[in-house]
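Notes follow once the structure below has been shown.
Keep in mind that this is a model prediction, so the values were computed, not measured.
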There are 2 protein chains.
Amino acid sequence: MIGALKDRIRSAGLRVTASRVAVLELLNQTDRPLNHLEVTESLAHSTWDRATLYRNLMDLTEAGLLERVSLGSTWHFEAQDPDHASAHPHFVCTECGTVECAPEVTVTPSKKRIGPKSIRRGTVQVQLHGLCDDCV
Amino acid sequence: MIGALKDRIRSAGLRVTASRVAVLELLNQTDRPLNHLEVTESLAHSTWDRATLYRNLMDLTEAGLLERVSLGSTWHFEAQDPDHASAHPHFVCTECGTVECAPEVTVTPSKKRIGPKSIRRGTVQVQLHGLCDDCV
DNA sequence: ACTTTATTGCAACTTAGTTGCGTGAACTGT
DNA sequence: ACAGTTCACGCAACTAAGTTGCAATAAAGT
Ligand SMILES: [Mn+2]
Ligand SMILES: [Mn+2]
Ligand SMILES: [Zn+2]
Ligand SMILES: [Zn+2]
């Protein structure tokens, strides 16, 4: 379990440190993207510095083990593993800021060939901003 | 032209000041949302303070003449006038941060009744994040 | 075990966003 | 046109997210 995480970190060319394992394990156990603050709070029992966890998140992202996405007003990080489907839409509550995955939504460009080409190409991250069920 | 803007500001219960008129005129002439920094730079010829323009944006938003939307890493403001179609998707470049309107895109929820109700209700702001044509 | 080099902890810094407060400008009513 | 009232502005300070320099420390290769 954790051994597999260590292997993936090492295979990515990064040294295996306790904080990196903890960060990767946390995000693999969570079914939604977390931001830097949420990660530090989730690992508050330990003594790792904000900057350390920040660099862990950035290093793991650059190594391809996480994905960083701008959700709402902060950057969020999501595990990038074979299980979790790769690019899928996300929902952001404009009231409380909570984030959840919304893989069931599909986006259709118009027939007119206008706007950025990446939309037609399908290489875009989709976000839906609105009130969550708790905030309506 | 500007007289109409002044009327709309006054009708909204706000005092007509030079900076408010300038901010509202700028955003009515621009076909995409601007953030606070872009507004201050566009009006840099004048001497208005950042805080003044910030409060102008917030006041005009609260009055319903602008709409504030979290695009990319900053808040953006868009004119909310009868001409410009109301809620429409926006495209954000993940590389250079530029924003453009993408009214031609439609979003379809799945048949399964899962996820936040506002998606099915259609009361969500749609955002597409990807590389713009200049950044590919 | 030793050497090399990546990583950590700490503190400082940048930028976006926000607010308190005294001065000054916009409206209201005469 | 004028005075009084209230709102808005300018300035400076502040918070929070994100980021970085540097010396101390720990991981990997031998
Ligand atoms: Mn997700
Ligand atoms: Mn728009
Ligand atoms: Zn909510
Ligand atoms: Zn771009």
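- Spacing between atom CG of A:L57 and atom C1' of D:dT19 amounts to 13 Å, rounded to whole angstrom units.
- Between the CH2 atom of B:W48 and the C1' atom of D:dC11 there is a distance of 18 Å, given to the nearest Å.
- Look at CG on A:N35: it is 14 Å from P on D:dA16, rounded to the nearest Å.
- The two residues A:L27 and A:A79 come nearest to each other via the heavy atoms O-CB, 3.4 Å.
- You'll find that the side chain of B:T52 is closest to D:dG10, out of D:dT20, C:dA26, D:dG10.
- The side chain of B:R55 has D:dC9 as its nearest neighbour among C:dG17, D:dC9, C:dT8.
- Summarising the geometry, the separation between CG on A:D49 and P on D:dG18 is reported as 15 Å, rounded to the nearest angstrom.
- Within the 4.0 Å cut-off from OP1 or OP2 of C:dG17, not a single side-chain nitrogen or oxygen of B:Y54 is found.
- By the side-chain hydrogen bond (donor to acceptor under 3.5 Å, both in side chains) test, B:T17 pairs with no residue at all, sequence neighbours left out.
- Contact of the B:I119 side chain with the A:F91 side chain is registered, since non-hydrogen atoms from C-beta on lie closer than 4.5 Å.
- Positionally, the nearest nucleotide of DNA chain D for B:G13 lies more toward the 5' end than for the other of B:G13 and A:A51.
- If B:V16 and B:M58 are placed on DNA chain C by their nearest nucleotide, the residue sitting closer to the 5' end is B:M58.
- In terms of polar N and O atoms assigned as donor or acceptor, the side chain of A:R15 never comes within less than 3.5 Å of the base of D:dG29 in a complementary pairing.
- For the pair B:E41 CD and C:dT15 C1', the interatomic distance rounds to 13 Å; values are reported in whole Å.
- Scanning both residues, B:C93 and B:C132, for their nearest heavy atoms gives SG-N, 3.4 Å.
- Summarising the geometry, the separation between CD1 on B:I9 and P on D:dC7 is reported as 17 Å, rounded to the nearest angstrom.
- Contacts with DNA chain C (heavy atom under 4.0 Å) in residues 63-74 of chain A: none are found.
- Among D:dA8, D:dG18, C:dG20, the nucleotide with an atom closest to any side-chain atom of A:H36 is D:dG18.
- Nearest approach of B:Q127 to B:G72, heavy atoms of both residues: OE1-N, 4.4 Å.
- No side-chain N or O of B:H88 forms a donor-acceptor pair with one of B:Q125 less than 3.5 Å apart.
- Counting non-hydrogen atoms under 4.0 angstrom, A:R20 reaches the backbone sugars and phosphates but no base.
- In this structure, B:L14 atom CG and C:dC27 atom P are separated by 10 Å, rounded to whole Å.
- Taking 3.5 Å as the limit, the base of D:dG10 and the side chain of B:R50 contain no donor-acceptor pair of atoms between them.
- Spacing between atom CG of B:L37 and atom C1' of C:dG17 amounts to 12 Å, rounded to whole angstrom units.
- Ion pairing between a basic and an acidic side chain is recognised when a charged N comes within 4.0 Å of a carboxylate O; A:E38 and A:R32 show such pairing.
- Among the heavy atoms of the strands, none lies under 4.0 Å from A:D59.
- As judged by a 4.0 angstrom heavy-atom cut-off over every strand, A:N56 is placed among residues touching the sugar-phosphate backbone only.
- Side chains of A:Q80 and A:L66 form no contact here, defined as non-hydrogen atoms less than 4.5 Å apart.
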